[in-house]
Structure formats: structure tokens, C-alpha cells
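Single-structure report; data block below.
Order of appearance sets the numbers: ligands from 1, and atoms from 1 within every ligand.
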Amino acid sequence: MTITITAFERSPDGGMGLARDTRVRWVLEEAGLPYKVRPVSFSAMKEPAHLALHPFGQIPTYEEGDLVLFESGAIIFHVASHHPGLLPENANARARAITWMFAALNSVEPPIFDLTNAKIAERDQPWAKDRLPMVADRVRHRLGQLSARLGDAEWLDGAFSAGDLVMVSVLLRTRPSGILNEFPNLAAYVARGEARPAYKRAFAAQLAFNTAQPAV
Ligand SMILES: N[C@@H](CCC(=O)N[C@@H](CSCc1ccc([N+](=O)[O-])cc1)C(=O)NCC(=O)O)C(=O)O
């Protein structure tokens, strides 16, 4: 059945891959699944038709037959659970890979999201300047812990898994701040993710999609 995901009609980053449809494209490319992309404008996201798919009026969403999913992590887990090569067959290894998915989304992404908010959404607040260093240090602290755990390993737990796909996707968002490069082993880990043919196809597709959208 046809898979359709939603993406920004025009991503504010101009197609630099920071929007969360990129990680869904990536998992679909790793699984070798064809998919269609429905662009959604910021206003359309808040209309009933899209809210019926995504209660918070966001992207990405995933539609396949009568299945509708939202939350990039859940979409990635769904695809990885139904296609080989993204979650280990061994039960304990599979559970650890899923643990890393949760860790990426629940423990690593929140301070990074906080930093993005501090730099963009909150930047005009009177307290923003004072808060920013503290928020950035929380990201540094978490990345320092992750860096220590990863060491010089290629992936987080043996072979590449959906846990790495989510973690690399999350860590990519720290590159613009420069914090990722303060941890050379994490920067190299992210680069290994970006070097994967499936990621390259996903990135190229979202870039082409964004540049093909008609100008406002
Ligand atoms: N937890 C959800 C979060 C979804 C989410 O944050 N979606 C964002 C796009 S990805 C986050 C994002 C936003 C903007 C950029 N950018 O480049 O400017 C990049 C990434 C969205 O729809 N925002 C519109 C809205 O909330 O009204 C998930 O993982 O799917």
C-alpha cells in the first residue's frame, strides 16, 4: 500500500534537513520503501483536515492504508518493526536499540530543543540572554555523557540500528550551534550516519522537495 508522509511546504531551514520529516525519509530509505510526500503549509497544519491526522497540528505524519501515525519516533519504530535491518533479531539487543530510540527522544533531544527555542522563539525575551548559556551547558552536559558512552565505537550498540538513526538525527540539530564539534567522537558518529546511502537519498529528496516548492 502507498505510504504518504507530510512535510513542511517550505521548511524554514530551506531544506537543510533539520525538519523531522528527514528522519522519516531516512528510515523509509533504509527499509527500501517508496513513499509520497504531501506538503503542508503552516496554516494548513492547523486546519481540521490535518488536525485529524496530527492532534498538535505538526509534521511529519505517516499514512499507509487506514493506518495514520504521528510522532517521528513512533513512525520510525513502526517502519523498523516491520522491515529487517533496523532492529536486531536478538531480543535483548532489540530492546537495547529501542532504549536508545527513547534516550535520543526523551533525554537528548529535549535540551537541544530548549536551545533552539532559546535562540529563536525566546530571543526577544528580556531574560533570554542570561538564560542561553545555561541552556547551552545542559546540551553540553548531555552530549558529554553520550560521548563518554560511545567512546570510539562505530554505533551505539553493535550494528547500526533505528536507535542510531534517531540519535544521529537528534544530534544533527546541535551542529549549527557548534556544540557538536566540541565532541569529536560524536561529530564523527554523526558523519558516519550522514555517509549512509539511505541518509544521502533522504537528505537529497528533502532538499529537492524544498527547492522545488513555488516561491511565495
Ligand atoms: N515530537 C514530534 C515533533 C514534531 C515537530 O516538532 N514538528 C515541527 C517540524 S520539525 C521541527 C522543526 C521546526 C522548524 C525547523 N526549521 O528548519 O526551522 C526545523 C525543525 C512542526 O511541525 N512545527 C510546526 C508547528 O509546530 O506549528 C515529532 O518528533 O514528530
Checklist entry - Between Ser147 and Asn185, is any side-chain donor less than 3.5 angstrom from a side-chain acceptor? => result yes
Checklist entry - Which pair of heavy atoms, one from Leu132 and one from Leu115, lies closest together, and at what distance? => result CD1-CD1, 3.7 Å
Let me check something: any side-chain donor-acceptor pairs from residues 30-46 under 3.5 Å, sequence neighbours excluded? List them with distances.
from	atom 1	to	atom 2	distance (Å)
Glu30	OE1	Arg196	NH2	3.1
Glu30	OE2	Trp26	NE1	2.8
Glu30	OE2	Arg196	NE	2.7
Arg38	NH1	Glu63	OE2	3.0
Arg38	NH2	Glu63	OE2	2.6
Ser41	OG	Ser43	OG	3.1
Ser41	OG	Ala44	N	3.0
Lys46	NZ	Gly57	O	2.6

Checklist entry - Does any pair with a residue in residues 81-106 pass side chain to side chain donor-acceptor pair (under 3.5 Å), and if so which ones, sequence neighbours excluded? => result Arg96-Asp157
What are the distances between nitrogen or oxygen atoms of ligand 1 and protein nitrogen or oxygen atoms, counting only those under 3.5 Å?
from	atom 1	to	atom 2	distance (Å)
ligand 1	1 (N)	Glu71	OE1	2.7
ligand 1	1 (N)	Glu71	OE2	3.4
ligand 1	6 (O)	Arg20	NH1	2.9
ligand 1	7 (N)	Ile59	O	2.8
ligand 1	17 (O)	Asp13	N	3.1
ligand 1	22 (O)	Ile59	N	2.9
ligand 1	26 (O)	Gln58	NE2	2.9
ligand 1	27 (O)	Lys46	NZ	2.7
ligand 1	29 (O)	Ser72	N	3.4
ligand 1	29 (O)	Ser72	OG	2.6
ligand 1	30 (O)	Ser72	N	2.9

Item to check | Set of residues satisfying ring pair (Phe, Tyr, Trp, His ring centres under 6.0 Å) with respect to His54, sequence neighbours excluded | outcome: Phe56, Phe70
Checklist entry - Do Thr2 and Glu64 have side-chain heavy atoms sitting under 4.5 Å apart? => result no
